[in-house]
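A quick write-up on the structure given underneath.
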Amino acid sequence: MIYYKTFQWLFFFYFYCFCGWCFESAYVSLKAGKPVNRGFMRGPFLPLYGSGAIMMLVVSMPFQDNVLLTYLAGVLGATALEYVTGVTMEALFKVRYWDYSKQRFNFQGHICLSSSIAWGFLTILMTRVVHRPVEQFVLSISGSILAPVTLVLTLYIVVDFTLSFKAAMELRDLLAKMQKLKEEVERLQKRLDVLIAFSNAEKEQRRQESELSLAELSHGVKQRFASLKENIQSMPSAYGEGIREEIAELRGRFSHYIETQRGYREMLGFYKRAMIRNNPTMVSNRFKNVLEELKRIVSGEQREEEE
């Protein structure tokens, strides 16, 4: 059994982070029909793949001569890593960067049976085929060369990860603010509905509007203000001074909401836009609608750039 030095472990981690990025980006790019820089970070590194590779090497070390135990160790170790990582990221960012909810035999959408089975085979492939030439190559490099290279990579990745983590936290806060604004616009819309006194058929249609985006809700509110204006002009006696003052106050609140909405859009900085663009499958149970709206905004901006 070969024991690696710390900088060698780190280099293996970075190497497999890069290989994971190459695989994931190529796969997603082929599915999307356009280049996609896949991953949580901006640089060509996917920490989950690097962590998974190191985990496979560690858990399989006691069972190098037993294929079955190597397989089982890979299944358990990788599944545990994937679950803990998924739960932690969702707790921190309120967003899932992968979701197995539509897969059979999944658990909380973070892990699934087919993925766990695949992890076992990948562990055998990793330890018996892939890692051996990589190990020989890394061990053939002098420590005086590999250590400085690893240090430079460490500094780069720490900076990239820090900026990406900051962007993810800011994205979480932006989603929370947009969700709160959406709820306020929904309440304003309901009050306008009372003032307009919609028919029962329109009320039934309105129940489906809870799934509308913030932009669609704002458009609906504008239509309601237009309807109120027509009603006041056609039936001025039906709207007393108190009601007109309330309408004016609601209009002022709505104008403030529109300005706030524009400000939130401007808060989508470079890293947050890239994070959304590079993770098209990300989902959020808590901020489902506003996340989809941000995806449409970023996707629309990308189409405009391409045109």
With the threshold set at 4.0 Å, does a side-chain nitrogen-carboxylate oxygen contact exist between Glu249 and Arg253?
-> yes

Cluster overlap Tyr27 with Leu30, hydrophobic side-chain contacts below 4.5 Å = no

Is any side-chain heavy atom of Leu188 closer than 4.5 Å to a side-chain heavy atom of Arg191?
-> no

Is there a path from Leu151 to Phe11 through hydrophobic residues (I, L, V, M, F, W, Y) whose side chains come within less than 4.5 Å of each other?
-> no

Which atom of Ser164 lies closest to which atom of Met275, heavy atoms considered = O-CE, 3.3 Å

Hey, is Glu170 close enough to Lys166 for a salt bridge, meaning N to O under 4.0 Å?
-> yes

Which heavy atom of Ser144 sits nearest a heavy atom of Ser142, and at what distance?
-> OG-OG, 2.8 Å

The reported gap from CG in Leu291 to CZ in Arg172 (rounded to nearest 0.5 angstrom) is 14.5 Å

How about Phe165 and Phe40: are their ring centroids closer than 6.0 Å?
-> no

Are Lys102 and Cys112 close enough that some pair of their side-chain heavy atoms sits under 4.5 Å apart?
-> no

Rounded to the nearest 0.5 Å, what's the gap from OG1 on Thr260 to CG on Leu181? Could you check?
-> 6.0 Å

Where is the tightest heavy-atom contact between Ala274 and Arg42, given as atom of each residue plus distance?
-> CB-NH1, 3.1 Å

Would you kindly confirm whether Tyr97 and Trp21 end up in one hydrophobic cluster when ILVMFWY residues are joined by side chain heavy atoms under 4.5 Å apart?
-> yes

Ser234 side chain vs Asn231 backbone, donor-acceptor pair below 3.5 Å | yes

4.5 Å side-chain heavy-atom contact, Lys229 and Ile232 = no

Do the non-hydrogen side-chain atoms of Val149 and Ile141 ever get within less than 4.5 Å of each other?
-> no

Verdict with supporting geometry, Arg187 and Lys190, side chain to side chain contact (heavy atoms under 4.5 Å, CB included) | CA-CA 5 Å; Arg187 286 194 291 269; Lys190 289 177 182 177; 5.5 Å; no

Output for pair (Asn285 CG, Ser101 OG), nearest 0.5 Å, gives 7.0 Å

For the residue pair Phe225 and Phe254, does the interplanar ring angle fall in the parallel (under 30°), tilted (30 to 60°) or perpendicular (over 60°) class?
-> tilted

Quick one: pull up CD in Gln189 and CG in Leu192 and give me the separation to the nearest 0.5 Å.
-> 7.5 Å

Do the side chains of Met178 and Leu294 get nearer than 4.5 Å, heavy atoms only?
-> yes

So do the side chains of Arg224 and Asp193 get within less than 4.5 Å of each other, counting heavy atoms only?
-> yes

Which atom pairs, donor and acceptor, lie under 3.5 Å between side-chain atoms of residues 73-95 and protein residues at least two apart or in another chain?
residue : atom : partner : partner atom : Å
Thr79   : OG1  : Val75   : O            : 2.6
Thr79   : OG1  : Ser116  : OG           : 2.8
Glu82   : OE1  : Ser115  : OG           : 3.3
Glu82   : OE1  : Trp119  : NE1          : 3.1
Glu82   : OE2  : Tyr100  : OH           : 2.6
Tyr83   : OH   : Gln108  : OE1          : 2.8
Thr85   : OG1  : Leu81   : O            : 2.7
Thr88   : OG1  : Val84   : O            : 2.7
Glu90   : OE1  : Arg96   : NE           : 3.0
Glu90   : OE1  : His110  : NE2          : 3.1
Glu90   : OE2  : Arg96   : NE           : 3.2
Lys94   : NZ   : Ala91   : O            : 3.2

Please determine if Lys182 and Glu293 form a salt bridge, counting it only when a charged side-chain N lies under 4.0 Å from a carboxylate O.
-> no

Tell me, do Leu163 and Val159 make a side-chain contact under 4.5 Å, heavy atoms counted?
-> yes

Looking only at non-hydrogen atoms, find the nearest pair between Thr123 and Thr70 and report the distance.
-> CG2-O, 3.8 Å

Between OH of Tyr49 and CG of Leu122, what distance do you get to the nearest 0.5 Å?
-> 9.0 Å

Are any of the side-chain nitrogens in Arg262 or Glu259 under 4.0 Å away from the carboxylate oxygens of its partner?
-> yes

I would like to know whether Met56 and His131 meet side chain to side chain contact (heavy atoms under 4.5 Å, CB included); could you show each step before the answer?
-> CA-CA 10 Å; Met56 290 176 185; His131 185 65; over 6 Å; no

Are Ile124 and Leu57 connected, step by step, through hydrophobic side chains (Ile, Leu, Val, Met, Phe, Trp, Tyr) whose heavy atoms are closer than 4.5 Å?
-> no

Look up atom CG in Leu46 and atom OH in Tyr16, then write down how far apart they are to the nearest 0.5 Å.
-> 15.5 Å

Measure across Gln8 and Val138 and return the closest heavy-atom pair with its distance rounded to 0.1 Å.
-> CG-CG1, 4.4 Å

Connected via hydrophobic side-chain network under 4.5 Å: Val67 and Ile117 | yes

Show your reasoning for whether salt bridge (Lys or Arg N to Asp or Glu O under 4.0 Å) applies to Glu292 and Lys295.
-> CA-CA 5 Å; Glu292 291 304 314; Lys295 284 184 178 181; 3.5 Å; yes

Where does the angle between the aromatic ring planes of Trp9 and Phe12 fall among parallel (under 30°), tilted (30 to 60°) and perpendicular (over 60°)?
-> perpendicular

For residues Val58 and Pro62, report the shortest heavy-atom separation together with the two atoms involved.
-> O-CD, 3.7 Å

Other residues, nucleotides, ligands: >12 heavy atoms within 6.0 Å of Tyr264 OH = yes

Does the pair Glu183/Lys180 count as a salt bridge with the N-to-O cut at 4.0 Å?
-> no

